[in-house]
Every structure is written in C-alpha cells, then in structure tokens.
Amino acid sequence: MNRFNQSLGMVYVAAILLSAPGCARREVPDAATRIGQAWQDFRLSEYASAVELFGAVVADASAGQAARQEALYGMAEIWRTRLSGTDVAKAKTLYEQAIGVCPTNDIAAWSSLAMARMVHVGKGDEPAGADVIAAYEDVVRRFPDHPAGEEACLHIHSVRLCLRTSNEVLAAKADIERFLDERPGSPFRSLAFSLKAYTHEFLGQQEERMRALIQSLECAERDPLSPWSDFSVKYWVIATVAEFDVGDFDVARKYYKRLIEEQPTDVRVFMAKQALERLDRITNSESSASEGVTP
Amino acid sequence: MSDRLRTALGAWFPAFVIAAAFAWAVVSIFVLRRKEETSHARVTLRIAHWQLEAGVREAVDRMAEEYGRIHPDVKIIQEAVPEKTYAQWITTQLMGGSPPDIVELGKVPYPILIGYLARYFVPMTPYVDAPNPYNAGTEMDGMPLRKTIRDGMRSTYYEELQEYMGVPLSSFGLRIYYNRTLLRELTGMEMPPSTYREFVETCSTIASKRNADGAPYIPIAAASIHFSFWESMLFDPITFPATRVADLNRDGLVGGDEVYVAMKAGLIDFHFPAYEARFRMIGRVTPMFQPGYTGLTRDEAVLVFAQQRAVFITTGSWDVYSLQEQAGGSFEVGIMDFPMPSKDDPELGRWIEGPRYENVAGGFTFGVTRACPDTDAAVDFLRFLSSRTRNEAMNRTIGWIPIVKGAPMSPLLRAFEPHLEGVNGAFRVTMGGETVIRWQQLYTEFQIGSRTYDELVRDYEPFFLNEGGPKDYAELLRNTRRRVGRDELFMAGVRSRARMTQAGVRRDSLWIKYRQVVDGRIIWRSIVTAHMARLADGTAIGEVRAPYRYRPEVLARHPGIAKALEGNP
C-alpha cells in the first residue's frame with residue numbers, strides 16, 4: 001500500500017507540473033474590449049460586472065483619456081439608471097468627472113443631459129418647474145447643436161406644457177416655433193410639430209392644430225430595420241381632429257382611408273368605416289338641402 | 001481464506017471498486033456515443049413547450065420527422081414540460097446556460113419575460129421581412145414572413161425591446177359550445193340562436209324543461225372563470241358608445257383611468273344608457289347560468305355539460321377536442337358565435353353598433369435561445385412550422401386554429417373565424433387595489449341577483465369618485481412616474497449601442513428607436529398624464545369636452561350634421 005501511495009503522489013506531482021504551461025499569463029483585454037463588454041453587461045443588467053470593467057479602465061493608466069472618459073460615463077449611467085441600488089450622488093460625481101476629462105465632446109454632452117434628467121426625475125411627485133428648466137437650458141447653451149442639446153430643448157417644452165398655464169404654453173409655443181425655424185434638419189422635428197399641435201389645441205386654434213399634426217406625421221421617422229411602423233394612432237388623431245374640431249371633411253376622409261388601407265386589422269378600422277359613412281350622410285344631407293331636396 | 005489474503009483484499013477493495021466504476025463509465029459512454037454518431041445529425045435542436053394537450057406532441061413529432069427528411073443533418077428533439085413547473089424549469093435552464101434551443105415563450109410574469117428575452121433570446125427582427133422559403137410555390141411565395149401571419153406577428157413584437165422575439169404558430173378564440181342533440185330535443189331547434197333575444201328565449205325554454213329525474217335543465221354551464229368570457233364577448237361590446245365621451249387620449253380605446261377622469265369631469269356617469277343596457281343584459285343572462293356558478297371551478301361546469309344537464313358552455317378553441325372527447329359520442333357538439341342583439345332589438349338595438357373586435361393574437365409562440373449552436377437551423381425550423389401548408393397540417397393534428405393567413409380550419413373551428421372589424425367595450429371602473437376589491441364585492445352581489453344595478457351604483461359611485469378611486473388614481477400616477485426609471489434604463493442601453501455602433505443603417509435604426517422612446521414614453525406620457533390629472537382634480541384650464549363631439553363652429557359650418565346623426569352613430 002505504501003508503494004501505491006508513493007506512486008499516486010508522483011502522479012499528482014506530474015499532473016501539476018504538466019498543467020503549469022496552462023497557467024501562463026493571460027493577456028489582459030484592451031480598454032476598448034473591456035468597455036464594449038461593460039456596456040454589454042450593463043444592458044444585461046449585470047451591473048456589478050459592468051462597474052468592475054469600467055472601473056478597471058478608469059484605473060488603468062495606459063487606457064488613454066478617451067477610454068477613461070467613456071468608462072466614467074458608463075459607471076455614471078449604471079449608478080443613475082440601474083433598477084435597484086441607484087446612487088444619484090455617485091452618478092453626479094462620475095458625470096462631473098467625465099465632463100472634466102473633456103468638457104465639449106459627445107460624452108460631455110450626454111453627461112450634461114443625464115445630469116439635467118436627474119434633476120427632473122428627482123422631483124418625484126412634485127411638478128417640475130424653473131429649476132428643471134434651468135438645468136435643461138444649461139445643456140442647450142453648452143451644446144446647442146448636439147442631439148443632447150436638442151433633446152434638452154424638447155424636455156423644456158414638455159415641462160412647460162405639463163404646467164399647462166397660459167404663460168407657459170405661450171412660452172412653449174414660441175420656443176417650439178423657433179426650434180422648428182432654426183433646425184430644419186433636426187430628427188426631432190416630428191416631435192416638435194406634435195408639441196406645437198398641443199399648444200394650438202390649448203389656445204383653441206384647431207386648424208393650426210390639424211396642420212401641425214399633419215406636419216408631424218410627414219416628418220415622422222421610419223426605422224429602416226423595423227418593419228413595424230404603425231401610424232394608425234396618428235392617422236386616427238388627424239382624422240378625428242379634422243372631423244370634429246375643424247370640420248375639414250376632405251382631410252378627415254383622407255386619413256380615415258389611410259388607416260383602413262395601411263392597417264386593415266387595426267382596432268380603429270370599424271370606427272373609421274363608421275366615420276366615412278357618417279361623412280357621406282352629412283355630405284348628402286347638405287347637398288340635398290342646397291338643392292332643396294329632402295333626402 | 002488466509003488472514004494475509006483477507007488483509008490484501010481489504011486494502012485493494014476501494015481501488016478495485018473505483019476502477020470498475022470507471023471502466024463501466026467508459027464502456028457505456030462509448031456505446032452511447034456510437035448510437036448518436038449513427039444518426040448522422042450535424043446538429044441536434046431541442047424544442048421545449050408546456051402543451052400536454054392531446055395532439056400537440058404528436059403534431060410536433062410529425063413536423064420534426066418531416067423536417068428531418070428534408071434536412072437529414074438536423075435532428076429535432078421535443079421536450080414537453082408540465083405547465084405547472086414550466087416557469088421554474090425554463091428559468092433554471094436559462095440561468096444554468098443549458099436551455100433548449102427553441103423555447104415556447106410564456107408562463108413567467110411579463111417584466112421577467114422581458115428580461116429573459118433581452119438576455120437569453122435571439123431577436124427575430126432580421127428574419128421577419130424575409131420571405132419564408134417553405135412558402136415557395138404557394139400564393140405566399142416571396143411574401144415577407146410577417147405578412148403571412150394573421151396578426152402580422154404583432155403579438156411577438158415587444159415595445160420594451162423594439163424587436164420581434166418569437167414566431168407564433170397558432171391562434172385562439174372564444175366561442176359558445178352547445179349540445180346540438182339536447183338543443184334539438186328540448187327546443188326543436190336545428191340551428192343555434194343567432195341573436196341575443198332569440199338566445200335568451202331559447203335559454204328560458206330550456207330552463208322550463210325537466211330531465212328524467214325531474215331536475216331542471218341548466219341552459220348555460222358556467223363557473224366563475226367563465227363570467228369574464230361572457231363579459232368580454234357579449235356584455236361589454238354594447239358599452240362601445242361611451243368611447244365617444246371617455247376616450248380622452250384619443251387612441252380609440254378606453255381605459256379605467258379615462259372612465260374615472262371622464263366621470264370626475266362630468267362627461268359621463270354610471271347611468272350612461274349603454275352602461276345600463278350592459279347590466280340589463282347581465283341580469284337576463286346570468287340567471288340562466290349554473291346555480292352557484294360564482295363559486296364553481298371550470299371542471300364542475302364541464303362536468304355538467306358532459307353529463308348533458310346543460311346545453312351551452314363557453315370556452316376557447318383550445319378545448320375543441322377535449323369537449324368532443326367528453327361528449328364521447330353520446331351527443332353532438334356544435335360551436336356558435338356569441339349572439340349579439342340585432343339592430344332592431346326593441347330594447348338594445350340602438351346601443352349595439354358592431355360585433356366584438358377580436359385582435360388576432362398569435363399564441364404557441366417560440367423563440368430561439370442565444371445558447372443555440374445553430375441559430376439559422378432553429379429559425380429555419382420555425383419557418384417550416386409557420387409555412388402555409390405545414391402550419392395548417394400541424395394545427396389540424398392538434399385541433400387548433402392555424403396562424404397563417406388563408407390556412408383553412410377544420411369545419412368545427414370555422415366558428416372561431418375572428419371578427420377583425422368590430423368594437424371594444426368601454427366600461428372600466430377599476431384602477432387598482434381599492435376599486436378592484438370594492439367593485440368585486442358589489443358586482444358579485446349583482447351577479448347573483450341580491451343587488452340591483454341602481455343599488456350597485458348607489459354604493460359604488462361615491463366610493464369610485466371620492467374615496468377609493470382618487471387613491472387608486474394617485475397610485476396610478478405614481479406608477480407612471482416610476483416607469484420613467486425603466487424607460488431611462490432602456491434609453492441608456494439603446495443610446496450605448498447606438499454610440500458604439502459604426503455609422504450605417506444599424507446605427508440609424510438605433511437612434512430612431514431612441515428618439516421614439518423619448519417621444520412616446522418620456523415626453524408625451526408626462527404631458528398626457530399631467531393633463532389627465534388636471535381633468536381629474538378639476539384644475540384643468542379651458543373647456544372640458546367629449547373627444548368625439550362636433551365643436552359648435554363645426555356644427556355651424558356643416559348644418560347637415562344634425563340630420564345625418566338622427567338615429568345614427
């Protein structure tokens with residue numbers, strides 16, 4: 001038995017020595033790879049892993065400023081948006097550090113918007129007011145032509161429209177019209193037109209409201225990779241505003257028909273067909289009346 | 001045996017046992033691997049589901065065999081897991097990293113399903129616009145996959161992910177099954193009643209008859225679960241006219257929050273005529289239900305139907321074959337649509353505007369897991385199952401409704417042809433815990449006839465408007481704000497992908513998704529919520545009007561409106 005045990009011991013030692021080459025130093029992935037993996041982990045809700053990877057990039061002196069800024073931004077996003085264990089104070093510090101690396105680039109813009117969003121969302125049940133608008137205005141001032149700055153504009157409009165006082169709606173209307181005038185190529189034009197329509201509704205300007213809704217539809221973005229572009233609600237709203245609020249039955253008919261043709265199994269199709277019949281009855285009644293004939 | 005030999009054996013026995021076990025393992029693995037290698041399969045795919053109903057496993061096996069004849073290098077193995085344990089089983093499989101390759105989606109709470117889909121499943125979006133190769137030579141040759149599916153695959157598109165995540169293989173519906181033999185015997189009718197009035201009269205006739213034991217026949221077998229089927233399919237459609245008053249966000253649908261706000265704003269109340277008509281219908285039909293139905297289970301209702309003590313029962317298309325089995329050849333089972341009031345019904349005709357709208361939602365939906373070693377093969381099998389001829393064949397074997405457009409159904413299932421044009425109900429008077437509990441208490445008393453509608457309204461309306469309703473509405477608003485957190489997380493994820501993606505169509509698509517979330521979920525939701533809250537608490541500035549009423553200036557501009565609306569919607 002002693003001889004057996006001695007043999008077994010030699011086998012163990014041999015196994016350890018043979019496996020030594022497998023323990024050779026592994027290469028550490030570069031910063032870009034770690035950042036990519038960290039974002040992937042973030043999207044899969046693996047926050048601990050994502051924070052660790054971003055943190056490793058921040059701590060890596062060889063990573064470069066761009067990578068460090070991205071990692072700081074990534075960590076900030078995690079602490080701001082994770083569903084459990086949110087730490088807005090930590091997120092704010094990290095956003096500020098990211099901005100400090102380079103205050104004028106893409107990450108600085110998104111970080112600034114994120115901080116303004118924290119001010120807004122942090123209001124909770126309290127209505128958003130001047131302090132929230134000021135936070136967004138700061139983003140617009142520093143990044144007027146960046147998508148984050150444009151988005152901040154729209155958040156300002158939204159805050160004003162939520163307050164829904166005459167002064168705020170008028171201010172929002174003026175701002176929105178300026179946005180549309182000054183930014184003909186903005187991808188947010190469709191949203192801006194729909195907000196404009198809302199201001200017209202509040203002010204009792206139904207024709208302008210209808211026109212703005214149509215303009216919103218006409219510049220609505222279609223995702224090239226998503227076959228699902230369902231504008232049935234947009235068509236329905238335009239058609240019903242045209243019929244009930246403006247009295248423009250030609251426009252109403254046009255959009256009821258578009259809804260029926262493009263979304264034949266939509267829940268609103270029955271109502272759209274009812275509407276077309278109703279409009280025909282109205283038109284026939286008016287034609288008969290003008291001819292002096294009882295229908 | 002000598003002591004020395006015994007000692008030697010004792011010392012070596014453990015080593016001998018280990019060596020023997022090792023040898024057995026080597027031999028059995030070697031033998032099994034030889035068996036697998038002889039199948040010539042390049043890839044083996046596992047497909048898992050919870051459908052243990054008669055016919056499903058047989059149908060999937062047949063499809064797997066047929067697919068294997070076309071693709072001998074692919075082997076499909078089916079795993080049918082009991083419904084009760086499916087959620088735990090699939091969770092373990094996914095988290096353990098060894099899930100089946102093709103998985104039926106469902107049985108877990110929706111937020112968890114979204115998480116699973118994002119983490120463990122392959123998006124189907126890249127495949128939905130490509131033609132299904134297995135439709136070659138049919139009228140669907142060259143048609144994108146999603147356009148061949150009855151609901152356009154809408155049921156598998158997840159807004160939270162902005163992706164299609166599965167392929168549906170069947171659709172389902174609700175109808176009334178009836179004992180054709182007994183109907184003929186008790187009423188002399190060869191065809192089932194086609195209108196509500198006729199149905200109520202038929203039920204009265206049935207209730208007046210006695211069986212051989214002297215017990216009355218039950219017109220409608222029912223359990224507590226069935227009441228909601230009758231509600232959604234027969235009683236609710238008559239409330240559709242309330243949409244014109246309560247659809248405050250103008251999306252064509254009415255939610256509980258909208259009814260609450262419309263009532264608070266004085267636009268509608270519980271005595272809206274169409275609402276009262278609904279409750280008159282309930283008061284006429286539910287006395288025809290099985291006595292004590294509110295406390296009965298589904299099986300108790302099915303038993304009464306199977307024992308030929310009742311004529312009608314409502315359930316879904318999934319029960320077609322099981323009810324026929326229950327009939328066991330003793331009686332003939334028929335299927336009829338829910339009998340709506342006719343337009344000339346003296347009491348209800350003026351409120352009924354159309355049949356119940358049925359959204360053809362696909363079911364029996366499968367997704368492909370990221371762990372699958374050959375995603376293309378798995379997707380190809382799903383295309384095979386959702387092709388025109390195979391989908392029809394598979395569903396015919398199971399007895400379900402095909403999901404592919406134009407695929408014929410068995411004659412018995414034709415009654416399930418959905419109403420793709422119709423109306424939705426507009427009576428929703430609960431919003432959360434407070435209102436649900438109180439409503440259920442009072443509503444149940446109404447259902448069993450111990451409370452009239454006026455008494456129900458007398459006791460519920462003040463609670464809805466001034467006590468439980470405001471609490472539930474406030475909670476609803478808080479939940480809307482809490483959802484912003486989830487939306488911010490989603491947006492952060494999409495933004496990170498968009499920023500990290502090279503310029504091109506994919507990046508454009510991601511940025512568009514991002515902006516659509518900013519538009520619909522962040523900005524517009526906050527505006528609409530704020531507006532509705534003002535309508536509810538009476539602080540709304542400006543006119544509060546029903547959404548689908550002509551403005552005075554429009555009436556002035558179009559004098560024909562008044563005449564055209566006489567007696568018409």
Side-chain angles (χ1 to χ4, degrees), chain A residues 1 4 36 39 42-45 74 77 80-83 106 110 117 121 124-125 151 154-155 158 161-162 164-166 187-188 190-191 194-195 198 202 206 221 223-228 233 236-237 240 244-247 264-265 267-271 273-274 278 281-283 285-286 289 295, chain B residues 11 115 118-119 125 128-129 144 146 151 157 162 250-253 354 357 359-360 420-424 478 481 484-486 488-489 492-493 495-497 500 505-506 508-509 512-513 515 518-519 523 526-527 530-531 534 541-542 548-551 553-554 557-561 563-564 568-569:
Chain A
M1 201 57 190
F4 177 78
W39 279 123
F42 166 64
R43 289 190 290 269
L44 294 176
S45 306
E77 288 279 85
R80 177 176 72 95
T81 63
R82 56 192 297 168
L83 290 178
D106 181 66
W110 290 117
R117 288 294 296 153
V121 174
D125 293 342
E151 188 183 324
L154 291 151
H155 284 299
S158 153
L161 293 177
C162 284
R164 209 170 155 95
T165 65
S166 294
F188 281 115
S190 179
L191 172 55
S194 65
L195 294 176
Y198 189 78
F202 180 86
Q206 303 302 332
E221 293 184 293
D223 183 349
L225 293 184
S226 171
W228 186 258
V233 176
W236 176 254
V237 172
T240 55
F244 294 102
D245 298 299
V246 178
T265 62
V267 63
R268 288 157 279 258
V269 163
F270 182 86
M271 292 190 285
K273 288 188 174 180
Q274 269 191 330
R278 180 171 61 239
R281 283 199 306 275
I282 295 171
T283 308
S285 176
E286 288 175 350
Chain B
R119 187 193 293 240
T125 310
V128 304
D129 252 353
R146 65 181 178 91
D151 72 343
Y157 184 82
Q162 300 277 298
R250 282 220 183 172
D251 64 352
L253 302 166
Y357 170 77
N359 185 7
V360 182
L420 298 178
E421 287 182 26
V423 301
N424 265 342
R478 278 192 288 275
R481 288 185 202 104
V484 172
R486 287 193 182 273
E488 290 285 331
L489 176 62
R495 190 167 49 228
S496 69
R497 283 172 71 192
M500 296 283 126
V505 173
R506 182 72 184 140
D508 292 344
S509 168
I512 289 173
K513 283 186 185 14
R515 286 189 287 271
V518 169
D519 183 332
I523 293 202
S526 62
I527 293 173
H531 179 51
R534 284 200 166 73
I541 294 173
Y548 304 120
R549 292 277 187 260
Y550 294 101
R551 287 184 183 268
E553 53 269 37
V554 176
R557 192 171 151 187
H558 291 282
I561 289 174
K563 187 107 185 112
N568 288 295

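Computed over heavy atoms, backbone and side chain alike; hydrogens, waters and symmetry mates excluded. Labels below follow one simple rule: chain letters A, B, ... track the order of the sequence lines, proteins then strands, and each chain is numbered from 1.
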Sorted by chain and residue number, the salt bridge (Lys or Arg N to Asp or Glu O under 4.0 Å) partners of B/Arg549 (sequence neighbours excluded) come out as none
OG1 (A/Thr81) and CZ (B/Arg495) are apart, to the nearest 0.5 Å, by 8.5 Å
Can you establish whether the number of heavy atoms outside B/Arg486 located under 6.0 Å from its atom CZ is more than 12? no
Quick one: are the ring centres of A/Phe244 and A/Trp236 less than 6.0 Å apart? no
Does any donor atom in the side chain of A/Tyr198 or A/Arg164 lie under 3.5 Å from an acceptor atom in the other side chain? yes
Taking atom types as modelled and ignoring hydrogens, do the side chains of B/Arg250 and A/Thr240 form a donor-acceptor contact shorter than 3.5 angstrom? yes
Between [options], the one whose heavy-atom pairs under 4.5 Å with chain A are most numerous:
{"options": "B/Met500, B/Arg557, B/Arg515", "answer": "B/Arg515"}
{"options": "B/Glu553, B/Lys513, B/Arg534", "answer": "B/Arg534"}
{"options": "B/Ser496, B/Gly252, B/Ala530", "answer": "B/Ser496"}
{"options": "B/Gly354, B/Gly422, B/Pro144", "answer": "B/Gly422"}

Heavy-atom closest pair, residues B/Val484 and A/Arg117: CG1-NH2, 3.8 Å
If I compare all heavy atoms of A/Arg281 with all of B/Ala564, which pair ends up nearest, and what's the gap? NE-O, 3.0 Å
In terms of heavy-atom proximity below 4.5 Å to chain A, should [X] be classed as side chain, backbone, both, or neither?
{"X": "B/Tyr548", "result": "both"}
{"X": "B/Asp519", "result": "both"}
{"X": "B/Ala492", "result": "both"}

Residues A/Glu77, A/Arg82: salt bridge by 4.0 Å N-O rule: no
With a 4.5 angstrom heavy-atom cut-off, which part of [X] approaches chain B: side chain, backbone, both or neither?
{"X": "A/Arg43", "value": "side chain"}
{"X": "A/Val269", "value": "side chain"}
{"X": "A/Ser194", "value": "both"}

When heavy-atom pairs shorter than 4.5 Å are enumerated against chain B, which of [options] gives the highest number?
{"options": "A/Thr283, A/Leu154, A/Thr265", "answer": "A/Thr265"}
{"options": "A/Val233, A/Asp245, A/Leu195", "answer": "A/Asp245"}
{"options": "A/Leu161, A/Val237, A/Val121, A/Val246", "answer": "A/Val246"}

